[in-house]
Student: 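Sharing a structure below in structure tokens format, with a few things to ask.
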Amino acid sequence: MGKNKDFPLGAGRNQKTRVKSARGRRSSSTRWLHRQLNDPYVSSARSAGFRSRAAWKLIQLDEKAQFLSHNARIVDLGAAPGGWSQVLSSRIKSGNIVAIDVLEIEPIAGVQIIQGDVSERGVSGTIVEALGGCPDIVLSDMAAPTTGHRQTDHLRTMNLCEIALDFAIENLNRGGTVVAKVFQGGTQSSLLAGIKPLFENIKHVKPAASRKESPEIYLVAKGFKKR
Ligand SMILES: C[S@@+](CC[C@H](N)C(=O)[O-])C[C@H]1O[C@@H](n2cnc3c(N)ncnc32)[C@H](O)[C@@H]1O
């Protein structure tokens with residue numbers, strides 16, 4: 001993170017803002033507020049004009065794995081509120097970007113937005129049509145709202161990851177890349193075994209902006225071997 005010139009490492013990083021617990025506020029809300037107020041990625045995302053701190057994750061993933069290219073056709077699955085798509089909009093000059101989410105996304109220059117559920121029949125076709133052809137890069141930061149129950153959260157996120165991988169395997173151009181959020185442990189190794197023969201190179205990357213306590217990690221699979 002120290003190497004990232006986009007990220008202002010403020011002198012006040014160690015000066016924590018304390019949140020007094022208020023009557024009527026649940027302790028989980030107090031913890032969330034405390035984390036938000038003391039998270040350097042939240043404030044730097046705001047000052048950089050990003051809609052979410054997740055934007056830093058895509059920047060750091062690309063620093064580590066180098067998959068973004070100027071003229072690619074890219075789809076951003078689970079894109080709301082739009083941090084990743086903002087990064088894509090500033091970096092992809094002559095390609096084509098499509099962002100999709102079940103939630104509404106405010107317009108982003110150079111990004112076609114679809115409101116829909118990636119798991120629904122027919123949505124794949126809509127995405128490919130909007131892209132003007134098959135994607136070169138499939139990105140998925142899809143996540144279900146967490147329940148706090150570890151196993152349930154794991155299974156729900158891994159299911160979304162499988163949906164993203166199925167979309168990628170069905171649609172990616174030869175040589176293409178997929179980057180997808182996974183949760184460590186559990187079904188992660190069987191999912192990996194399933195896609196291993198289909199890509200030239202697969203690795204897992206944990207960007208610095210991904211909270212240490214989170215099981216989240218990103219699978220980066222490059223060089224799709226289209227049959
Ligand atoms: C962590 S957020 C994405 C943040 C985003 N990358 C950014 O930079 O702002 C995960 C998103 O996945 C979306 N999502 C979950 N399941 C989905 C599905 N089946 N189809 C489309 N979007 C989905 C959620 O609505 C949520 O907005």
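Please read all numbers here as calculations on a predicted model, not as lab measurements. Order of appearance sets the numbers: ligands from 1, and atoms from 1 within every ligand.
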Student: Would you call the rings of W56 and F50 parallel, tilted or perpendicular, taking 30° and 60° as the class edges?
Tutor: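 Perpendicular: the ring planes of W56 and F50 meet at over 60°.
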
Student: Side chains of H204 and Q184 only: does a donor on one sit below 3.5 Å from an acceptor on the other?
Tutor: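 No, because no side-chain N or O of H204 sits under 3.5 Å from a partner of the opposite role on Q184.
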
Student: Please verify whether a non-hydrogen atom of S85 lies at under 4.0 Å from ligand 1.
Tutor: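 S85: no contact with ligand 1 (<4.0 Å).
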
Student: What I'd like to find out is whether the side chain of V138 reaches to under 4.5 Å of the side chain of V179, using heavy atoms alone.
Tutor: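 No; the side chains remain at least 4.5 Å from each other.
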
Student: Please work out, at 4.0 Å between heavy atoms, whether the side chain, the backbone, both, or neither of D76 comes within that distance of ligand 1.
Tutor: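 Neither; nothing of D76 gets under 4.0 Å from ligand 1.
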
Student: Do F167 and P135 have side-chain heavy atoms sitting under 4.5 Å apart?
Tutor: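 A side-chain contact under 4.5 Å exists here.
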
Student: Which one holds for S52 and ligand 1: side chain close, backbone close, both close, or neither close, with close meaning a heavy atom under 4.0 Å?
Tutor: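 Side chain only; the backbone of S52 stays clear of ligand 1.
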
Student: Quick one: look up the protein heavy atom nearest atom 2 (S) of ligand 1 and list residue, atom name and how far away it is.
Tutor: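 Checked against all protein heavy atoms, atom 2 (S) of ligand 1 sits closest to A80 O, 3.7 Å.
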
Student: What do you reckon, is CZ of R150 surrounded by more than 12 foreign heavy atoms closer than 6.0 Å?
Tutor: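 No.
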
Student: What residue and atom, counting heavy atoms only, is the protein's closest point to atom 16 (N) of ligand 1, and at what distance?
Tutor: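 Closest protein heavy atom to atom 16 (N) of ligand 1: L160 CD2, 3.6 Å.
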
Student: Side chains of T146 and D153: is there a donor and an acceptor less than 3.5 Å apart?
Tutor: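 No, no side-chain donor-acceptor contact under 3.5 Å.
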
Student: Enumerate the atoms of ligand 1 whose separation from the nearest heavy atom of G116 is less than 4.0 angstrom.
Tutor: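 That gives atoms 20 (N), 21 (C) of ligand 1.
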
Student: Suppose we measure from atom 10 (C) of ligand 1 to each protein heavy atom; which comes out shortest, and what is that distance?
Tutor: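 Among all protein heavy atoms, the one nearest atom 10 (C) of ligand 1 is D141 O, 3.3 Å.
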
Student: Compare all side-chain heavy atoms of I74 with those of N96 and state whether any distance is below 4.5 angstrom.
Tutor: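 Not touching, per the 4.5 Å side-chain cut-off.
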
Student: Is there side-chain contact between F67 and L139, with at least one heavy-atom pair below 4.5 Å?
Tutor: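 F67 vs L139: side chains touch.
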
Student: Considering only heavy atoms, does A79 approach ligand 1 within less than 4.0 Å through its side chain, its backbone, both, or neither?
Tutor: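 Near ligand 1, A79 shows its backbone, while the atoms from C-beta on stay back.
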
Student: Quick one: which ligand 1 atoms are inside 4.0 Å of a heavy atom on L103?
Tutor: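 Atoms satisfying the 4.0 Å criterion: 25 (O), 27 (O).
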
Student: Starting from atom 8 (O) of ligand 1, what is the nearest protein heavy atom, named by residue and atom, and what distance separates them?
Tutor: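 Ranking protein heavy atoms by distance from atom 8 (O) of ligand 1, first comes W84 N, 2.9 Å.
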
Student: Considering only protein heavy atoms, which is closest to atom 20 (N) of ligand 1, and at what distance to one decimal place?
Tutor: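 The protein heavy atom lying closest is V118 N, 3.0 Å.
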
Student: Does ligand 1 have any atom sitting under 4.0 Å from a heavy atom of A143?
Tutor: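 Under 4.0 Å: yes for A143.
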
Student: Taking R91 first and then D62, would you say they form a salt bridge - that is, a charged N and a carboxylate O separated by under 4.0 Å?
Tutor: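 A salt bridge is present here (some side-chain N lies under 4.0 Å from a carboxylate O).
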
Student: By number and element, which atoms of ligand 1 are closer than 4.0 Å to a non-hydrogen atom of P81?
Tutor: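 Near P81, the atoms of ligand 1 are 9 (O).
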
Student: Find all atoms of ligand 1 within a distance of less than 4.0 Å from any non-hydrogen atom belonging to D117, and give their numbers and elements.
Tutor: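 Ligand 1 atoms under the 4.0 Å threshold to D117: 18 (C), 19 (N), 20 (N).
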
Student: Give the numbers and elements of all ligand 1 atoms closer than 4.0 Å to a heavy atom of A54.
Tutor: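 Listed by number with element, the hits are 7 (C), 8 (O).
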
Student: Does some side-chain heavy atom of L219 sit less than 4.5 Å from a side-chain heavy atom of I195?
Tutor: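 Side-chain contact under 4.5 Å: yes.
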
Student: Answer yes or no for M142: is there a heavy-atom contact with ligand 1 below 4.0 Å?
Tutor: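 Yes, that is the case, since the closest heavy atom of the residue is under 4.0 Å from the ligand.
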
Student: Quick one: are N171 and S124 in side-chain contact, heavy atoms under 4.5 Å?
Tutor: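 Contact flag for N171/S124 side chains = yes.
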
Student: Would you check whether A144 has a nitrogen or oxygen atom less than 3.5 angstrom from a nitrogen or oxygen atom of ligand 1?
Tutor: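 It does not: no N or O of A144 is found under 3.5 Å from an N or O of ligand 1.
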
Student: Who's the nearest protein heavy-atom neighbour of atom 25 (O) of ligand 1, and how far?
Tutor: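 Nearest protein contact, heavy atoms only, for atom 25 (O) of ligand 1 is D101 OD1, 2.7 Å.
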
Student: Under a 4.5 Å cut-off applied to non-hydrogen side-chain atoms, are R51 and I105 in contact?
Tutor: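 Side-chain contact under 4.5 Å: yes.
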
Student: What residue and atom, counting heavy atoms only, is the protein's closest point to atom 22 (N) of ligand 1, and at what distance?
Tutor: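 Among all protein heavy atoms, the one nearest atom 22 (N) of ligand 1 is V102 N, 3.5 Å.
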
